[in-house]
Amino acid sequence: MKPLTQTERELLQAVRSARRFPLVRFELRNSEEPGLRSIALNHVYITDPEDSMELVKERSAALESLRRRGLVRISYALPAYVQSDYQVYYRSSLYELLCHTVLEAQGKPGFLFNLPAMRFGQVFPL
């Protein structure tokens, strides 16, 4: 197995030292068909509202790699959560971009998704 990247090492250390390690999944949903969903961006970990798409995608890939290696568990099935853990996501430029993208596409024919959404999750060390 290849060695961990710098980003993977940093995230693994952060997960191990955190009391809670929140992340989200950006989704597109349909208001008339609740079961109709699409993942816009998975394993989103944001620390600053201005985090770039490139940085978030790098972290996402690193978290998925850690999950595949069996070093962390990622769950989006939370029975409860701390709302303040997720405030940075609501204020992020990436969530704003998701909302604007959905608004712009709503009037186009054949567009299925009319709601931007976040699914709250957490990362747990193994």
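Counting only distance, with no hydrogens or angles, the side chain of Ser65 and the backbone of Ala61 share no donor-acceptor pair below 3.5 Å. Proximity of a side-chain donor or acceptor of Asp85 to a complementary backbone N or O of Phe21 within less than 3.5 Å is not detected. Using modelled atom types, no side-chain atom of Arg25 and backbone atom of Asn42 make a donor-acceptor pair closer than 3.5 Å. At distances below 3.5 Å, not a single donor-acceptor pair connects side-chain atoms of Ser75 with backbone N or O atoms of Gln122. Listed for the Glu8 side chain is a donor-acceptor partner under 3.5 Å among the backbone atoms of Thr5. Here the side chain of Ser17 pairs a donor or acceptor atom with the backbone of Gln13 at under 3.5 angstrom. Side chain of Gln106 to backbone of Asn114: a donor-acceptor contact under 3.5 angstrom is found.
With values rounded to the nearest 0.5 angstrom, Arg37 atom CZ is found 4.0 Å from Arg29 atom CZ. Atom CZ of Arg67 sits about 11.0 Å away from atom CG of Leu126, to the nearest 0.5 Å.
Taking the side chain as every heavy atom from C-beta outward, Tyr90 and Gln83 approach each other to under 4.5 Å. Between Phe113 and Ser38 the shortest side-chain heavy-atom distance falls below 4.5 Å. Counting heavy atoms from C-beta outward, Val44 and Ser60 have side chains that stay 4.5 Å or more apart. Contact check for Met53 versus Leu94: side-chain heavy atoms found under the 4.5 Å cut-off. Using a 4.5 Å heavy-atom cutoff, the side chains of Leu115 and Asn30 are not in contact. Side-chain contact between Arg59 and Asp51: present, with at least one pair of heavy atoms (C-beta onward) separated by less than 4.5 Å.
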| request: Verify ring-ring contact (aromatic ring centres under 6.0 Å, His included) between Phe26 and Tyr89, making sure each step is shown before the conclusion. | output: CA-CA 10 Å; Phe26 287 167; Tyr89 296 96; 7.3 Å; no
| request: Would you check, one step at a time, whether the test ring-ring contact (aromatic ring centres under 6.0 Å, His included) holds for Tyr86 with Tyr81? | output: CA-CA 9 Å; Tyr86 298 93; Tyr81 59 90; 5.8 Å; yes
| request: Could you walk me through whether Phe111 and Glu104 pass side chain to side chain contact (heavy atoms under 4.5 Å, CB included), step by step? | output: CA-CA 10 Å; Phe111 188 71; Glu104 288 175 7; over 6 Å; no
| query | Checking side chain to side chain contact (heavy atoms under 4.5 Å, CB included) for the pair Met1/Arg69: CA distance, chi angles, key distance, verdict? | reply | CA-CA 9 Å; Met1 186 175 284; Arg69 290 172 182 245; 3.6 Å; yes
| task | Go through the steps for Leu112 and Leu36 under the test side chain to side chain contact (heavy atoms under 4.5 Å, CB included), then give the verdict. | result | CA-CA 8 Å; Leu112 297 174; Leu36 188 59; 4.1 Å; yes
| task | Take Phe124 and Val72, measure what side chain to side chain contact (heavy atoms under 4.5 Å, CB included) needs, and give me the verdict at the end. | result | CA-CA 5 Å; Phe124 302 93; Val72 300; over 6 Å; no
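Transitive grouping of hydrophobic side chains (ILVMFWY, heavy atoms separated by less than 4.5 Å) brings Met118 and Ile74 into a common cluster. Note on Leu23 and Leu71: same hydrophobic cluster, where clusters join Ile, Leu, Val, Met, Phe, Trp and Tyr whose side-chain heavy atoms are under 4.5 Å apart, directly or indirectly. Transitive grouping of hydrophobic side chains (ILVMFWY, heavy atoms separated by less than 4.5 Å) keeps Leu98 and Leu103 in distinct clusters. Residues Leu97 and Ile39 do not share a hydrophobic cluster, clusters being chains of Ile/Leu/Val/Met/Phe/Trp/Tyr side chains in contact below 4.5 Å.
His43 and Leu63 make their closest contact through O-CD1, 4.0 Å (heavy atoms, listed as atom of the first residue, atom of the second, distance). Across all non-hydrogen atoms, the minimal contact from Thr7 to Ala62 is CG2-CB, 3.7 Å. The heavy-atom pair separating Leu66 from Leu12 by the smallest distance is CD1-N, 4.0 Å.
Salt-bridge check for Glu54 with Lys57: failed, with every basic side-chain N at 4.0 Å or more from each acidic carboxylate O.
Counting heavy atoms of neighbouring residues, nucleotides and ligands inside a 6.0 Å radius, atom CD of Glu32 does not exceed 12 of them.
A donor-acceptor contact closer than 3.5 angstrom links the side chains of Gln6 and Arg9.
With Tyr76 as the aromatic partner, Arg119 does not meet the cation-pi criteria of under 6.0 angstrom to the ring centre and within 45 degrees of the ring axis.
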